[in-house]
Every structure is written in structure tokens, then in C-alpha cells.
*Asks:* 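Sharing a structure with you now.
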Amino acid sequence: MEQGEAAAPPAAEEKGVDEEDDLGYRLFPERNKKPQSFLARSLFTFHNRCQLMLRMTLDTNPYAQLLLEAMKQSGCTVFNDRHFSCENCDGCVSGGFDSATSQIVLCQNNIRHQSHMNRVVTHELIHAFDHCRAHVDWFKNIKHLACSEIRAANLSGDCTLMNEIARFKFGLKGHHQTCVRDRAIRSILAVRKVSKETAEKAVDEVFDACFNDLEPFGRIPHSKTDAKRAYKDFQNRDRYNANL
């Protein structure tokens, strides 16, 4: 997350006010509004910029392209108009995955540049991929949420060396793991009203297994070069299997 990329709550009409707050719905106020007309939305610069950056990410970013291909092969084809929504969000949250609608929310008022969009889309696509391939109980099992947040922080590029330097965080041995753990905890706290101790406990209990679950990348992509290699390897998987 860039202060809160996480699994977003379901549509507000399905929850009471108190439960919405517990599940972080307050961060995504437009989830409960009727969709605006295309003409009305096109008048807003934030929305236009968000749509353009999203298209650039989906067309050119190897992290996103690999995840889109993996989801398609898993029977969960992603469509731009159906599965992505540029919206205004509260606080500093950058994006979320709404499991009730299988939709990725992109916070158009908080995503300001292309590299940020790339990370947010990748982060949320990892949640969507987990939702597609497994029976994730996002709201009742905090360990499930913790696992997906660990994977998203680990595989999305959130914790690359350059991103950590930009945050004025420095370290050598074990720094990547520390970053993944810290960002997973922050993501949980951003969307769930639980104590820091509860979030830390959930993350620590599943950390090793989920940190080492590298699907669909097969490796930790520390850079776009790594992601391109992972994408190429993924595309060749079926060919290699066919030749066995």
C-alpha cells in the first residue's frame, strides 16, 4: 500500500454502519453512490488522469500483464470497464479490492504519477488473483487477509530498494522481509478496526508460508527486469509442460 492498498469492504448496502466502519468502508465513500454518467465523470480531471494511467499500466507494465494473464488462465478474465473503478477516497488510501463486486478501486485523488499507479494496480491484482484461486475469507479470517497482504507487499514492487530509499528507510540484511511485514500490518490496520498487536500476530503466524508463496511470478520481482523475466517464464509454462 501507499498508506493503505488493501482488500476493500463489500458494498455498503450489504452492511450496517458500524460494521462498515469495522471493515474499512469509510475509506471508499463512493462505493455506496450511484454511478455517474460518462459525461459527468469526464468533466473531472482526476478521473481522466486515472483512466489514462490505468490504461498505460495494463498495456505496458509487466507485473500487471503477468497477473492479468494468470487470472485469465485461472478462469477469471479481467475487463477494464468492469473490474476497475477510479474513485475519490478518504485519507491517504491509494486503492482497494472490493471482493463483493470483484472490483479494484483506484483512488484517483491520491494516485498522482504513473509509477504509483503501476504499484497500486499490481498490488490490488494480487488480491484479485488470490480471490480467484482460493476461498479467501476477507472479513472473518484475519489470517487470510494477512496472507494476501504479505503476498501483495512481497510481489508488487512495494518493497523495492528504490521505493524504500524514497521513504527514507534503509537496511541491508533482511530488509525486504521487514518491509513486507511492516506494510502488511499497515494495510490490515488501514481497513480493519483491530489492534496493532492483533495485526502483528496474524501477519507473524502466516508470514513464512505466505512470503514463500510466489505465484504466479515464480520469483520475487525486485525490478521491472525481474517482472519481464517472470512474465516470459509464465508464458512458456504451458509449452514446457506440453513437451514432457
Side-chain angles (χ1 to χ4, degrees), residues 1-9 24 54 57-58 61-80 83-85 93-99 101-107 111 115-138 141-160 163 176-177 179-188 190-192 202-203 206-224 226-231 233-234:
M1 73 178 180
E2 203 68 18
Q3 190 59 37
E5 290 148 18
L54 170 61
T57 296
L58 298 181
N61 185 263
Y63 291 85
Q65 290 174 326
L66 190 158
L67 286 159
L68 292 172
E69 183 66 26
M71 291 188 67
K72 182 178 180 179
Q73 291 192 19
S74 297
C76 299
T77 301
V78 176
F79 298 98
N80 184 5
H83 294 107
F84 292 93
S85 179
V93 68
S94 299
F97 174 65
D98 187 341
S99 61
T101 60
S102 296
Q103 195 168 48
I104 289 172
V105 182
L106 301 171
C107 298
I111 300 175
S115 62
H116 190 185
M117 176 65 80
N118 293 343
R119 291 198 307 274
V120 175
V121 170
T122 301
H123 186 113
E124 302 309 335
L125 278 173
I126 292 170
H127 290 319
F129 176 77
D130 288 347
H131 186 70
C132 173
R133 70 170 181 157
H135 299 291
V136 182
D137 188 345
W138 296 103
N141 192 327
I142 195 171
K143 290 183 182 180
H144 287 191
L145 174 61
C147 187
S148 192
E149 292 297 355
I150 290 166
R151 283 177 29 78
N154 189 29
L155 301 174
S156 66
D158 285 349
C159 289
T160 61
N163 284 337
H176 180 77
Q177 289 90 330
C179 172
V180 169
R181 178 182 181 274
D182 290 348
R183 294 185 74 76
I185 291 168
R186 289 176 63 190
S187 288
I188 293 171
V191 296
R192 296 293 182 273
V203 168
V206 300
F207 189 85
D208 288 343
C210 299
F211 182 84
N212 290 307
D213 180 359
L214 305 179
E215 286 298 313
F217 290 89
R219 68 182 78 193
I220 298 175
H222 292 289
S223 65
K224 274 192 176 181
D226 286 344
K228 288 179 181 178
R229 289 172 180 163
Y231 185 29
D233 290 345
F234 183 86

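Values below: all heavy atoms of this structure, side chains included; hydrogens, waters and symmetry mates excluded.
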*Asks:* Is any side-chain heavy atom of Val203 closer than 4.5 Å to a side-chain heavy atom of Glu149?
*Replies:*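 Answer no - side chains too far apart.
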*Asks:* List the atom of Met71, the atom of Cys132, and the distance in Å for their closest heavy-atom pair.
*Replies:*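 Scanning both residues completely, I find the closest heavy atoms to be CE-CB, 4.3 Å.
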*Asks:* With the side chain counted from C-beta on, respond yes when Asn154 and Cys159 share a heavy-atom pair under 4.5 Å apart, and no when they do not.
*Replies:*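 Not touching, per the 4.5 Å side-chain cut-off.
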*Asks:* Starting at CD1 of Ile142, measure out to SG of Cys147 and round the result to the nearest 0.5 Å.
*Replies:*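 One finds 13.0 Å between CD1 of Ile142 and SG of Cys147.
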*Asks:* I need the minimum non-hydrogen distance between Asp226 and Arg219, along with the two atoms involved.
*Replies:*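 For Asp226 and Arg219, the tightest heavy-atom pair comes out as O-CD, 4.0 Å.
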*Asks:* Looking at side-chain heavy atoms only, is the closest gap between Phe84 and Val78 below 4.5 Å?
*Replies:*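 When only atoms from C-beta onward are counted, Val78 and Phe84 do touch, with a gap below 4.5 Å.
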*Asks:* Do Asp233 and Phe217 have side chains that approach each other closer than 4.5 Å (heavy atoms only, starting at C-beta)?
*Replies:*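 Sidechains of Phe217 and Asp233: no contact.
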*Asks:* Hey, what do you get for OG (Ser85) to CD1 (Ile104), rounding to the nearest 0.5 Å?
*Replies:*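 CD1 of Ile104 is found 11.0 Å from OG of Ser85.
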*Asks:* State the CD1-CD1 distance between Ile150 and Ile126, to the nearest 0.5 angstrom.
*Replies:*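 Here the rounded value is 12.5 Å.
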*Asks:* Partners of Ser148 by side-chain contact (heavy atoms from CB on, under 4.5 Å), sequence neighbours excluded?
*Replies:*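 Once residues adjacent in sequence are excluded, the partners of Ser148 under the side-chain contact (heavy atoms from CB on, under 4.5 Å) criterion are His127, Asp130, Trp138.
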*Asks:* Rounded to the nearest 0.5 Å, how far does CG of Asn80 lie from CG of Leu54?
*Replies:*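 One finds 5.0 Å between CG of Leu54 and CG of Asn80.
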*Asks:* Write down the atom of Gly157, the atom of Arg119, and the distance for their closest heavy-atom approach.
*Replies:*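 Looking at all heavy atoms of both residues, the closest pair is O-CD, 3.9 Å.
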*Asks:* Atom NZ in Lys72, atom CG in Leu67: separation rounded to 0.5 Å?
*Replies:*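 Reported to 0.5 Å precision, the distance equals 15.0 Å.
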*Asks:* Please answer whether the main-chain N or O of Glu215 pairs with a side-chain N or O of Arg151 as donor and acceptor at a distance below 3.5 Å.
*Replies:*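 At least one qualifying donor-acceptor pair exists.
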*Asks:* Considering non-hydrogen atoms only, spot the tightest contact between Lys143 and Val206 and give its length.
*Replies:*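 Shortest heavy-atom contact: CB-CG1, 4.0 Å.
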*Asks:* Could you pull out the closest heavy-atom pair between Ala70 and Phe129, with the gap in Å?
*Replies:*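 For Ala70 versus Phe129, the nearest heavy atoms are CB-CE1, 3.8 Å.
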*Asks:* Among residues at least two apart in sequence or on other chains, which ones pass ring pair (Phe, Tyr, Trp, His ring centres under 6.0 Å) with Phe211?
*Replies:*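 If we apply the ring pair (Phe, Tyr, Trp, His ring centres under 6.0 Å) test to Phe211, skipping adjacent residues, the hits are His176, Phe207.
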*Asks:* Rounded to the nearest 0.5 Å, what's the gap from NE2 on His222 to CG on Leu155? Could you check?
*Replies:*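 Result: 9.5 Å between the selected atoms.
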*Asks:* Within a strict 4.5 Å, meaning less than it, do heavy atoms of the Val105 and Gln103 side chains meet?
*Replies:*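 They are not in contact (no side-chain heavy atoms under 4.5 Å apart), so the answer is no.
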*Asks:* Do side-chain atoms of Asn141 reach the backbone of Asp137 as a donor and acceptor pair under 3.5 angstrom?
*Replies:*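 A pair under 3.5 Å: no.
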*Asks:* Could you check if a side-chain atom of Asn61 sits within less than 4.5 angstrom of a side-chain atom of Val121, using non-hydrogen atoms only?
*Replies:*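 The answer is no, as the side chains (C-beta and beyond) never meet within the 4.5 Å cut-off.
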*Asks:* Between Asp158 and Cys179, what is the shortest heavy-atom contact and its length?
*Replies:*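 Distance-wise, the nearest heavy atoms are O-SG, 4.5 Å.
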